[in-house]
Each structure stands twice: as structure tokens, then as C-alpha cells.
Amino acid sequence: MSYKYMPHSEDDLKAMLEKIGVETIDQLYSDVPSEVIFSREYDIPSAMSEIELRKHFKELAQKNKPLTVFAGGGVYDHYSPSVIPHLLSRSEFYTAYTPYQPEISQGTLQYIFEYQSMISELTGMEATNASMYDGATAAAEAMFMMVASSKKRNRVLISDTVNTHVKKVVETYTRFHGIEITFLPEKDGVTDLASLEKELAKGDVAGVLLPTPNKYGIIEDYTGVSETIHSNKAFLTIYADPSSLSVLKTPAEWNADIACGDGQSLGMPLSFGGPYLGYISCSKTMLRKMPGRIVGATKDADGKRAFVLTLQAREQHIRREKATSNICSNQSLMALYATVYLSLLGKEGLKEVNILSCDGAHYLYDRLLATGKFHKAFDKPFLKEFVVKTDLDMKKINEKLLEEGIMGGLVIGEGLVEFAVTEKRSKEEIDRLVDLMIEGK
């Protein structure tokens, strides 16, 4: 064999290449541009002793510069209680896989059930699945649910105030599924509801995806929107920050059919982009269209409380060609993270997180406006994230802030910059941010 850990013999490789009509492995990859092929020697150090290896990794870790974060855009620097990684590192959690055999997987099934229960309570919805990969893929799956539940309709309306990365993922999913996406324009930082009514009147809309808060941090008012959508025989999905649902109206209170979003705001570290957690919840009427796994509570032969995977008949691993979705796994470890986080904080703790974040965000907002260098972009309510206008060169300012150990606001457009403040940011940190941007201290 050419490689010690590859099971195919030279004869195996030759037979497979002949079958597909090529002579060599190189020909198999001939369409790959030469400029993207790595042709140098790998920069891999020689063998090290344990002491040398630990020192090496310590030096690598020191290249990471901890930052005071004022950026948001769908990812937020909330506090992570130190007990969570200790619990998640336990082997029974860290190595757990899909609990196909409920008899020996009761612990895993129970914490997934508890996760589902907590997300259902936050969203107000009747059912939640065992989790999704992230918020963007959860939104795409919600779109599939709406189309599958409608009668021969394949068009979905998505507000332009949904986070850009979510919209891009949904577009990717629809490309090969024959689903048409129409983006609803924004007006003064919120969804143009007149445009929504106009599109619904065409009679071919399966569902609508709306955010709370939206990509600008604005809390949109959806009073009467669900009635308009449902009267046109379409479904409503709310893409919501789960942390904010402890103080804002829930998707259920907006009379949504589906709720989805990213669970990163439930204390998960930024971690250079992941792993995060997608959640999806729905009403009972749409339960059988929900993708992924669902854990249910029941009783065993002795009448004791027990947990099982339920509604598996629609799963990809049971009947792939008729599956609700091609997703048949879940983000179980991060679902456990959210469960432990919510258990530790409780209802009042989660409210306090949002109150502190809101107070800090409004303090920064007022301070920026008081400088005369920043101005209102939208005169709309916000919780922990907001957008302001400025003529300052924010690219240069952000470079300077990085040198000072601060991640500044996100430049989201010409003269528009977005800031986010969480409960981790102190008054002193906020004041220092403003001083560095304005006074050059």
C-alpha cells in the first residue's frame, strides 16, 4: 500500500480510476488551478519532547491577543461562567454521540430534553429539536419547513434587516432546491411592511422570515404582521437572539409558526467563530416538518420516567429519499453548554444580563452622540447593539484600537458603524473607547 493508514491497495486504486475513465490520481484533480495547489514544504517542526512541545504551544498561544470587544453583528461577548467548560469536559459529555440506544443513553437524552424545554420556554413555542449547527443553517431549515408545509408554494420572503451572513447561507441552500427567495426592502432601519403586504398579495408566498432584534440591533414592531401573513395562507418565522427573549416579546407572542436563531449569545465564547449553536422551535402543527432529532419524555416498563428519540420516521437515516432534511445530527455539546448556562443564570440572571447590556449600550450611544462626531442613523429602540453615522475614518480608528487591545465597532456601510455592549463591558472600558476614538489618548 502507498500509505500505511489507507485501506486501498494499488490494484484497488487502479480499478477505481479505470471505472471513472482517468489514468492517475493527478488527472482526477486536473481541474484544480495550479495556483491554489500547495507546492512548498510543510512548515512542521521536527519531533519534540513533552517539555519542548508544551513550551511551543504556549508560545503559539501567546500570539493571541485578548481584546475588549465592542463588535456585534450576530456574535456577542457575553460572560461565560467558568464552571461550564469543566462540566463539558467530562468524558461522558465530551465523547457522547447520537443516543440511538435509549437504554444506555438516558443521561444524554435527558440533557437534550432539558435543552429543548428551556429553548421552548424562551421562545414560547410548543416544541424544539435537539439543536442545529448554527443560526444560519437553522434559518435555512425553517425556510424548508415553511415551503414543505405550504400548498405548492415555493417562494419565501426574507427581510433585508436579517443578518447578512444568514441571508447568504439561506441563498446557498435554496440554489439547488427550486425555492425562490425575495428580499423585502428596509425602510428607516426596519422591514418595509408595505412591501411585505404587496408581495403576499401575489398569492405564491410560502413563508416569511423576520428578525428580532434585526441586523442593526433595532427591535422591530410586528404588531398585526402575523395576521396579515396567515390571512394570505403563509407562515411566519422569527429569527431571534435567544438571550434577548428574556426581556423582549417572544416569537410565540408575535404568533410565529417557527422560531430560530443562534445560541451563541447564551454565554458561548467568541472562539474565532465557533463552535456555536443553532436552535429551531415550532408550533405543534409544524412538528412533523421539523428537521433533526427530537427527544421525548415517556415511561419505561416499570413506570419510571425515561427519555427516547421520537418521530424518527421522517429522519434521513431512516428513509433518506423522503427525509424532511439532510441534517440528521445535532450540536449536542453546545446544546449542553446552553443548558448549563441557562441553569446557572436562571430567569432573573438572564434578565440581569440584558439589563446590564442595555444600560451599557445606551450609555455608549449617548456618549458617542455627545461628542458631535457621531450622529443618529436610526431613531428606533435597541437593546445591546446600535448603529451610528460618522465622518471619521473608522478603518484607521479600528486599527489604532486594536493596538490598544480593543475591538471597535463594525463598519457596515459608508459612514455607518455598529457597536455592541454586553454585561462584560464596564463604564471605564466604554469611556476609554470613546476617548481613544475622539481624543487620541
Side-chain angles (χ1 to χ4, degrees), residues 96-135 137-151 156 173 177 179 206-207 209 235-240 242 250-252 256-261 263 277-301 303-336 338-339:
Y97 187 60
T98 303
Y100 289 111
Q101 296 174 286
E103 299 86 355
I104 60 172
S105 303
Q106 285 300 293
T108 301
L109 288 165
Q110 181 172 350
Y111 80 66
I112 294 176
F113 181 83
E114 300 295 351
Y115 159 80
Q116 293 174 177
S117 301
M118 291 177 180
I119 298 298
S120 292
E121 188 168 354
L122 274 176
T123 61
M125 306 303 288
E126 293 173 301
T128 297
N129 76 0
S131 73
M132 308 296 288
Y133 298 130
D134 56 23
T137 51
E141 295 293 338
M143 173 194 62
F144 288 151
M145 287 176 66
M146 293 190 291
V147 171
S149 299
S150 65
K151 294 183 178 179
V156 175
Y173 268 62
H177 284 79
I179 297 174
L209 178 66
F235 298 95
L236 170 60
T237 294
I238 296 288
Y239 187 93
T250 66
D257 302 288
I258 306 171
C260 64
L277 166 75
Y279 78 86
I280 189 165
S281 306
C282 68
S283 62
K284 277 186 179 179
T285 56
M286 302 194 77
L287 181 58
R288 289 188 174 273
K289 299 297 183 183
M290 185 185 286
R293 310 204 181 286
I294 301 170
V295 174
T298 184
K299 291 183 179 180
D300 64 15
K304 297 178 180 178
R305 192 185 191 206
F307 302 93
V308 294
L309 287 176
T310 187
L311 296 177
Q312 293 191 79
R314 83 233 193 289
E315 278 291 357
Q316 183 214 21
H317 67 277
I318 299 297
R319 48 177 190 175
R320 181 174 300 180
E321 72 281 0
K322 295 183 179 180
T324 301
S325 166
N326 283 325
I327 286 182
C328 67
S329 187
N330 62 285
Q331 197 78 322
S332 188
L333 191 64
M334 303 316 293
L336 176 61
T339 305

I need the [X] [atom1] to [Y] [atom2] distance, nearest 0.5 Å.
X      : Y      : atom1 : atom2 : answer
Leu236 : Ser283 : CG    : OG    : 10.5 Å
Thr123 : Ile258 : OG1   : CD1   : 11.5 Å
Cys282 : Arg288 : SG    : CZ    : 11.5 Å
Arg305 : Asp300 : CZ    : CG    : 12.0 Å
Thr237 : Met145 : OG1   : CE    : 7.5 Å
Cys260 : Asp134 : SG    : CG    : 11.0 Å

Subject >> Side-chain H-bond candidate by donor/acceptor type, Thr128 with Ser120, under 3.5 Å >> reply: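 The criterion, which ignores hydrogens and geometry beyond distance, is satisfied for Ser120 and Thr128.
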Does the side chain of [Y] come within less than 4.5 Å of [X]'s, by heavy atoms?
X      : Y      : value
Leu122 : Tyr279 : no
Ile294 : Leu287 : yes
Thr339 : Met118 : yes
Leu209 : Tyr239 : yes
Tyr173 : Glu141 : yes

Subject >> Residue pairs, two or more places apart or on separate chains, that pass side-chain hydrogen bond (donor to acceptor under 3.5 Å, both in side chains) and touch residues 102-119 >> reply: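 Qualifying pairs, neighbours excluded: Tyr111-Ser332.
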Which heavy-atom pair separates [X] from [Y] by the least distance, and what is that distance?
X      : Y      : result
Met132 : Pro291 : CE-CG, 3.9 Å
Ala256 : Met125 : O-CE, 3.3 Å
Ile119 : Ser281 : CG2-OG, 3.6 Å
Ala138 : Gly261 : CB-O, 4.3 Å
Met146 : Ala206 : O-CB, 4.0 Å
Ala335 : Ala130 : CB-O, 4.1 Å

Subject >> Expected output: side-chain Gln331 to main-chain Leu277 donor-acceptor under 3.5 Å >> reply: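 Side chain of Gln331 to backbone of Leu277, a donor-acceptor pair under 3.5 Å: no, none is there.
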**OP:** Report the C-alpha separation of Val308 and Val295 in whole Å, then their side-chain angles, then the decisive distance to 0.1 Å, and conclude whether the side-chain contact (heavy atoms from CB on, under 4.5 Å) test is met.
**Re:** CA-CA 6 Å; Val308 294; Val295 174; over 6 Å; no
